[in-house]
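Report on the following structure.
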Amino acid sequence: MKLQVPKGCRDFFPAEMAIRNWIVDRWQDVSVRNGFVEYDGPIFETLDLYRIKSGDEIVSQLFHFEDRGGREFAIRPEMTPTLARMVAARANSLSKPIKWYSRPRLCRAERPQRGRLREFFQWNIDILGEESEIADAECVFVAIDFFRSMGLTAEQVEIKLNSRAIVSSLLHSAEIADEQLPAVYAALDKRDKLSIEAFAEMIGELGLTEKQQDVLLHMGEAKGEDGFARVESLLAGNEAGTNHCRSLRRVFAILKSMGVEEYCTYDMGVVRGLAYYTGMVFEAFGKGGLKRAICGGGRYDRLVSDLGGPPMGGVGFATSDVVVQDVLAEFNLLPDLSSAGGFFVIDSDAERFDDVLTIVSALRNKGINAQFSYKRQGVNKQFKQATAMGAGRVVIIESDYVTSKAVSLKDMKSGKQVTINVEEWLKNPFCEVPE
RNA sequence: GUGAGCAUAGCUCAGUCGGCUAGAGCACCUGGUUGUGGUCCAGGGGGUCGCGGGUUCGAAUCCCGUUGUUCACCCCA
């Protein structure tokens, strides 16, 4: 029997682990510099936590189990219910705005496909207790800050913004009933993935009038500044709709002040399939061959109270290590992490091995990465090993070391080498290596 | 959950009208070149050809099933 990694899961050998850590570290750096603090919850939750939000249908899509007492649990498939539960538990004692991030490992019992595995890491950014557009804009900014931290330019990714509130105003003015909105949102969310005929057929099945269908048919076409202006004129006589437009304008204005407007565009086609969004929504897309959204999020002003908490608005987004890696690979931006950059100490003579151990230990005591060969062999072979281990600097203990105390320090990247007194060098192991 | 393609060494792949002990490059290990690597030379280990069954004198090669994987759908938290 061949033992293999479970379907849709990954082994992380050192090379893959280095990339995963690099991505997760970017998540952490970006979160912290934008003023977010980290939280976490249990790896599994009671099954009811997910039933409340999504109904029984969700059960087939997650990994669940019973303990010996018959209590039902599920490995967490998302972070939002945990977040809402935690925030609700201490809602009154947390200072606002609550700016939290998390990097949970999640599992979903789905069939794997591109950008979607059964086990993955997700980055969650949320701002709660702040209803203004400033929080909306800051969320978008954090996503862009992350893209920039990985080297993704505005030519490579874009963020499409819209507002559920604006969409809902448009639908109301077309006299589409509230109970039809979820189905209409779901249809609009798919518009850009379908041919115009398929989309027409889809909305034809929603039980709408010809005129209403016509509105939907043309709605998603509104893109960019021109599209936004057209939406504004459509809602000119609608006070609520006009306010929603003004609100989204404000988000764009803040993003412009933060210097990231080149990444952002208006797109009526983005509405998000999820039921709980109430205001601004956004999705990021790679401009290359990948069509899948890289990250997505929006404002959810009723979610916390729906999950048993106090009335508290929130805005947030999430992305996963899987899609991030796909996008980076597409633009050839995955970093070369093969070089550890530490020291490798070589003896020019097996008699000097004790001195290798002494110097390695001196470096390690300073907290510096230092390695050596387990085998007493020629300088050539030791150099090969140093290269294989990704050493940044090689230290050669000279054969007359006993009397001269001389070591040679070689920078592996530049190829430059200098001979120096060992005590002198250990005062500053990273000293410049001249020609 | 539905449909289709793929499945040969760690990796990328050769190898089919079914036929001698299944190959290459890279990677890995060993030795040499008796003090300088990433870009030398020689040798070596490693695969029951995803797994199970069938057809056949004989299957990596044909058929069925199964598992994994890829792509799309459902779903997308």
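FYI, side chains are in, hydrogens and waters are out, and symmetry mates aren't considered; it's all heavy atoms of this structure. The model shown is predicted, which means the values in this text are computed figures rather than measured ones. Numbered from 1 within each chain, the chains take letters A, B, ... in sequence-line order.
Rounded to whole angstrom, the span from the CD1 atom of Ile294(A) across to the C1' atom of C76(B) amounts to 17 Å. Distance Asp11(A) CG to U69(B) P: 12 Å, rounded to the nearest Å. Rounded to whole Å, the distance from CZ on Arg376(A) to P on U30(B) is 14 Å. For Gln417(A) and G35(B), the CD to C1' distance is 9 Å, given to the nearest whole Å. Look at CD1 on Ile396(A): it is 6 Å from C1' on U36(B), rounded to the nearest Å. Rounded to an integer number of Å, the gap from Arg393(A) CZ to G38(B) C1' is 18 Å. Rounded to whole Å, atom P of G38(B) lies 15 Å from atom CD of Gln382(A). For the pair Lys375(A) NZ and U30(B) C1', the computed distance is 7 Å after rounding to whole Å.
For C26(B) and U21(B), the C1' atoms lie 25 Å apart once the distance is rounded to whole Å. With C1' as the reference atom, A4(B) and G18(B) are 27 Å apart, rounded to whole Å. Comparing the P positions of A24(B) and G15(B) gives a spacing of 15 Å, expressed to the nearest Å. For A7(B) and A60(B), the P atoms lie 15 Å apart once the distance is rounded to whole Å. Nucleotides U56(B) and C62(B), compared at atom C1', are 10 Å apart to the nearest Å. Separation of the C1' atoms belonging to C51(B) and G68(B) is 10 Å when rounded to the nearest angstrom. For the P atoms, the distance from U8(B) to U61(B) is 13 Å, rounded to whole Å. With both ends at atom C1', the span from C49(B) to A14(B) equals 13 Å, rounded to whole Å.
For the pair Gly8(A) and Leu62(A), both in contact range of RNA chain B, the more 5′-proximal nearest nucleotide belongs to Gly8(A). Each of Met79(A) and Cys9(A) has a nearest nucleotide on RNA chain B; the 5'-most of these lies closest to Cys9(A).
The pair Asp40(A)-Arg76(A) meets the salt-bridge criterion, since a charged nitrogen lies less than 4.0 angstrom from a carboxylate oxygen. At a threshold of 4.0 Å, the pair Glu133(A)-Arg299(A) does not count as salt-bridged, since none of the basic side-chain nitrogens sits closer than that to a carboxylate oxygen. A salt bridge is defined here as a Lys NZ or Arg NE, NH1 or NH2 lying under 4.0 Å from an Asp or Glu carboxylate O, and Arg118(A) with Glu110(A) fails to meet this definition.
Both tests hold for Lys160(A) against Phe285(A): distance to the six-membered ring centre under 6.0 Å, angle to the ring axis within 45°.
Evaluation of the side chain to side chain donor-acceptor pair (under 3.5 Å) test over residues 392-401 of chain A, restricted to residues two or more places apart or in two chains, returns Glu398(A)-Ser408(A), Asp400(A)-Ser404(A).
By the side chain to side chain donor-acceptor pair (under 3.5 Å) test, Arg85(A) is found to be paired with Glu45(A), residues two or more places apart in sequence or in another chain being considered.
More than 12 heavy atoms of other residues, nucleotides or ligands sit less than 6.0 Å from atom CG of Asp67(A). Heavy-atom contacts from other residues, nucleotides or ligands closer than 6.0 Å to CD of Glu66(A) number more than 12.
Within the 6.0 Å centre-distance limit, the rings of Phe44(A) and Phe65(A) are counted as a close aromatic pair. The aromatic ring centres of Tyr266(A) and Phe228(A) sit less than 6.0 Å apart. Checked against a 6.0 Å centroid threshold, the rings of Phe146(A) and Trp123(A) count as neighbours.
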Between the protein and nucleotides 71-74 of chain B, list the N/O to N/O atom pairs that are separated by less than 3.5 angstrom.
residue: C71(B); atom: OP1; partner: Arg114(A); partner atom: NH1; Å: 3.1
residue: C71(B); atom: OP2; partner: Arg114(A); partner atom: N; Å: 2.9
residue: C74(B); atom: N4; partner: Gln113(A); partner atom: NE2; Å: 3.1

Readout for nucleotides 40-48 of chain B: B = base within 4.0 Å of protein heavy atom, S = sugar-phosphate only, - = neither; 5' to 3' it is B--------

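A donor-acceptor contact under 3.5 Å is formed by the side chain of Glu398(A) with the base of G35(B). The base of G38(B) lies outside donor-acceptor range of the side chain of Thr387(A), with no N or O pair under 3.5 Å. Within 3.5 Å, a donor on the side chain of Ser399(A) pairs with an acceptor on the base of G35(B), or the reverse.
For RNA chain B, runs of at least 3 consecutive pairs of the Watson-Crick or G-U wobble type, with both hydrogen-bonding distances under 3.5 angstrom, map to B:1-7 with B:67-73, B:10-13 with B:23-26, B:28-32 with B:40-44, B:50-54 with B:62-66.
Gly296(A) comes within 4.0 angstrom of nothing in the nucleic acid, heavy atoms only.
Checking Arg116(A), Arg26(A), Arg10(A) one by one against Asp321(A), the salt bridge (charged side-chain N to carboxylate O under 4.0 Å, His left out) holds for a single residue, Arg10(A).
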Let me check something: any side-chain donor-acceptor pairs from residues 11-25 of chain A under 3.5 Å, sequence neighbours excluded? List them with distances.
residue: Glu16(A); atom: OE1; partner: Phe13(A); partner atom: N; Å: 2.9

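Among G31(B), C75(B), U67(B), the nucleotide with an atom closest to any side-chain atom of Gln61(A) is C75(B).
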